[in-house]
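Fair warning: this is a prediction, and the values are worked out from it, not measured in the lab.
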Amino acid sequence: MATATGASIVPISICYAHKVHPKNYVLPVRMGRRIPASIHVGEPIDTEGKSEDELTENVWCQIAENLPESQKPLVGTPRSVK
């Protein structure tokens, strides 16, 4: 969709979101507890002249680059579903 409109893609990495809102909790964890969650907003990726596969790879790598080692995708993880 971004390539059709010429819009840039901004990669966003959310670190430790599972500690802020664990899957077994109805509400997020109470404020006041120190949780190392963070959000990293990457540099915009220009879509002009790039294929969908190129963009998927680039965005995937930019998101993974800003995650802590414990949350990086495993080697061989598929990057897109076709």
Non-hydrogen atoms of Q62 and S13 that approach each other most closely: O-OG, 4.1 Å

Fellow cluster residues of I63, listed by chain then number, with links counted only when side-chain atoms sit under 4.5 Å apart: I9, I45, L55, V59

Under 3.5 Å, which donor-acceptor pairs do the side chains of residues 69-78 form with other protein atoms, sequence neighbours left out?
residue : atom : partner : partner atom : Å
Q71     : OE1  : Y16     : N            : 3.0
Q71     : NE2  : H18     : ND1          : 3.4
K72     : NZ   : A64     : O            : 2.8
K72     : NZ   : E65     : O            : 3.3
K72     : NZ   : L67     : O            : 3.2
T77     : OG1  : L74     : N            : 3.3
T77     : OG1  : L74     : O            : 2.6

Derivation of the side chain to side chain contact (heavy atoms under 4.5 Å, CB included) call for H40 and I12: CA-CA 6 Å; H40 183 274; I12 298 177; over 6 Å; no

Sidechain-backbone polar pair: T47 side chain, A7 backbone, donor-acceptor under 3.5 Å: yes

CD-NZ distance between E57 and K50, expressed to the nearest 0.5 angstrom: 12.0 Å

